[in-house]
Q: 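The structure that follows is given in the form of structure tokens.
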Amino acid sequence: MSERVAVETPVLKKNDEYAAGNREWFASLGIAVINIMSAPGAGKTTLLEKTLPMLAGRYSCAVIEGDLQTDLDAERIRRVGVRAHQINTTCCHLDARMVQGAAATFLESPPEVLFIENIGNLVCPASYDLGESVKVTLFSVVEGADKPKKYPKMFRMSDCVVLNKTDLLPYSGVELDELLSNVRDVSPEAAVFTVSARTGEGLAEWVEWLAARVEKVRGR
Ligand SMILES: Nc1nc2c(ncn2[C@@H]2O[C@H](COP(=O)(O)OP(=O)(O)OP(=O)(O)O)[C@@H](O)[C@H]2O)c(=O)[nH]1
Ligand SMILES: [Mg+2]
């Protein structure tokens, strides 16, 4: 264990330096950066496919996609008419240096809002500051009501928790009240939304909250 700390500490310190640089850089360009984190398959790309058209005409957007392999998610984003850059990495998380390189690809015409879809993983992405303005944890209700308590870090550090796939609640055996109470225990300050990215239920409230945060970040 002591060996692990010795290796991780300098890695995280270096990452924090890159993240601080990113934060300054994004602020100087007026870019609001939204880091979306979740376990694999919770619905990050689907949420983006639905959210981006709702922001069209209001903000210019771009998306950085993180996956171990394929550019399938970037292709899905491009199909809704939004620029996307795919990162493939063997890591279980994105780090600030990767984000710096990916964000640079949009700089000919900097977006007002840059979304980052992190690698599907409910643990590691929580440890890596990317220089983002807003952290979002997306959680699929079918993963179970106990998970916020078992994997608290990501929930605790997020500005917003989006509970997705509410259309599956009747088949899941999960009590929404119990899940909400566990989210509240772990993350009392976060904004919490219950949505179905599939049916569209709850998305208007999430998008309004997001737009208000973007305005705040961009100083309006
Ligand atoms: N029933 C239902 N299915 C959903 C919902 N949102 C996403 N899905 C489905 O869940 C599966 C995974 O969705 P993705 O959007 O690919 O999830 P992801 O988090 O981007 O996955 P990774 O990038 O691989 O981590 C797909 O089959 C989606 O159609 C929802 O609200 N309800
Ligand atoms: Mg995805």
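Note that ligands are numbered from 1 as they come in the structure, with each ligand's atoms numbered from 1 the same way. It should be emphasised that the depicted structure is a prediction, and the values quoted were computed from it without experimental measurement.
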Q: What is the closest protein heavy atom to atom 13 (O) of ligand 1, and at what distance does it sit?
A: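 The closest heavy atom on the protein side is T46 OG1, 3.5 Å.
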Q: Determine whether a donor-acceptor pair (N or O, by modelled atom type, separation under 3.5 Å) exists between the side chain of S187 and the backbone of V183.
A: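 Not a single qualifying donor-acceptor pair exists.
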Q: Is the backbone of P148 close enough, under 3.5 Å, to the side chain of N182 for a donor and an acceptor to pair up by distance?
A: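 Judged by distance alone, no pair lies under 3.5 Å.
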Q: Starting from atom 29 (O) of ligand 1, which protein heavy atom do you reach first, and at what distance in Å?
A: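 Ranking protein heavy atoms by distance from atom 29 (O) of ligand 1, first comes R198 NH2, 3.0 Å.
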Q: Using modelled atom types and a 3.5 Å cut-off, is there a donor and acceptor pairing between side-chain atoms of D159 and backbone atoms of V134?
A: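 Pair absent, no side-chain N/O of D159 close to backbone of V134.
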Q: Ignoring hydrogens, tell whether any protein atom lies closer than 4.0 Å to atom 26 (C) of ligand 1; use the non-hydrogen atoms only.
A: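 Under 4.0 Å from atom 26 (C) of ligand 1, zero protein heavy atoms found.
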Q: Please work out which of K165, M37, K44 has its closest non-hydrogen atom nearest to atom 10 (O) of ligand 1.
A: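 Nearest heavy atom to atom 10 (O) of ligand 1 lies in K165.
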Q: Just jot down the ligand 1 atoms closer than 4.0 angstrom to any heavy atom of G120, in number order.
A: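 So the atoms of ligand 1 that pass are 25 (O).
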Q: Is it true that, when you exclude R76 itself, more than 12 heavy atoms of the residues, nucleotides or ligands shown sit nearer than 6.0 Å to its CZ?
A: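 Counting other residues, nucleotides and ligands, CZ of R76 exceeds 12 neighbours.
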Q: Nearest to atom 17 (O) of ligand 1, what protein heavy atom do you find, and at what distance?
A: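 I find the closest protein heavy atom is G43 N, 3.1 Å.
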Q: G41 to ligand 1: N or O pair under 3.5 Å?
A: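 Right, the criterion is met.
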Q: Return yes when E117 approaches ligand 1 closer than 4.0 angstrom through a heavy atom, no otherwise.
A: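 Contact check E117 vs ligand 1: positive.
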Q: Hey, is the main chain of V123 close enough, under 3.5 Å, to the side chain of N121 for a donor-acceptor pair?
A: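 Yes; at least one donor-acceptor contact below 3.5 Å.
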Q: Does V33 offer a backbone N or O that forms a donor-acceptor pair with the side chain of S133 under 3.5 Å?
A: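 Yes; judged by distance alone, with no hydrogens or angles, the pair exists.
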Q: Taking the Mg ion (ligand 2) as the reference point, name the nearest N/O/S atom of D73.
A: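 Within D73, restricted to N, O or S, the Mg ion (ligand 2) is closest to atom OD2.
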Q: Between the side chain of K147 and the main-chain N/O of E143, is any donor-acceptor distance below 3.5 Å?
A: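 Yes, the answer is positive, given that a donor and an acceptor are paired below the 3.5 Å cut-off.
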Q: Atom 16 (O) of ligand 1: which protein heavy atom is closest, and how many Å away?
A: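 Closest protein heavy atom to atom 16 (O) of ligand 1: R76 NH1, 2.9 Å.
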Q: Would you call the rings of F106 and H85 parallel, tilted or perpendicular, where under 30° means parallel and over 60° means perpendicular?
A: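 Taking H85 first and then F106, their aromatic rings stand perpendicular (interplane angle over 60°).
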Q: Which residue holds the protein heavy atom closest to atom 6 (N) of ligand 1, what is that atom called, and what is the gap in Å?
A: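 Ranked first by proximity to atom 6 (N) of ligand 1 is N164 ND2, 3.1 Å.
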Q: Does any N or O in the side chain of D67 come within less than 3.5 Å of the main-chain N or O of T70, such that one atom is a donor and the other an acceptor?
A: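 The answer is no, because no donor-acceptor pair under 3.5 Å joins these two groups.
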Q: What are the atoms of ligand 1, with element, lying closer than 4.0 Å to any heavy atom of L168?
A: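 Close to L168: 1 (N).
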Q: To check your reading of the site, what angle at the Mg ion (ligand 2) do OG1 of T45 and OE2 of E117 form, to 10°?
A: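 Value, to the nearest 10 degrees: 90°.
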Q: Please assess K149 against D146 for the test salt bridge (charged side-chain N to carboxylate O under 4.0 Å, His left out), listing each intermediate value before the final yes or no.
A: CA-CA 6 Å; K149 291 204 149 172; D146 55 347; over 6 Å; no
Q: Looking at ligand 1, is there an atom of it that comes within less than 4.0 Å of some heavy atom belonging to E49?
A: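 Outside the 4.0 Å threshold, so no.
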Q: Does the E132 side chain pair with the main chain of L130, one donor and one acceptor, at a distance under 3.5 Å?
A: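 Pair found, side chain donor or acceptor close to backbone of L130.
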Q: Taking distance alone, with N or O pairs closer than 3.5 Å, would you say T45 contacts ligand 1?
A: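 T45 vs ligand 1: N/O contact under 3.5 Å present.
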Q: Counting heavy atoms only, which of N118, D167, D73 comes nearest to atom 2 (C) of ligand 1?
A: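 The option holding the nearest heavy atom is D167.
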Q: Is there any N or O on P40 that sits under 3.5 Å from an N or O of ligand 1?
A: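 Between P40 and ligand 1, no N or O pair is found under 3.5 Å apart.
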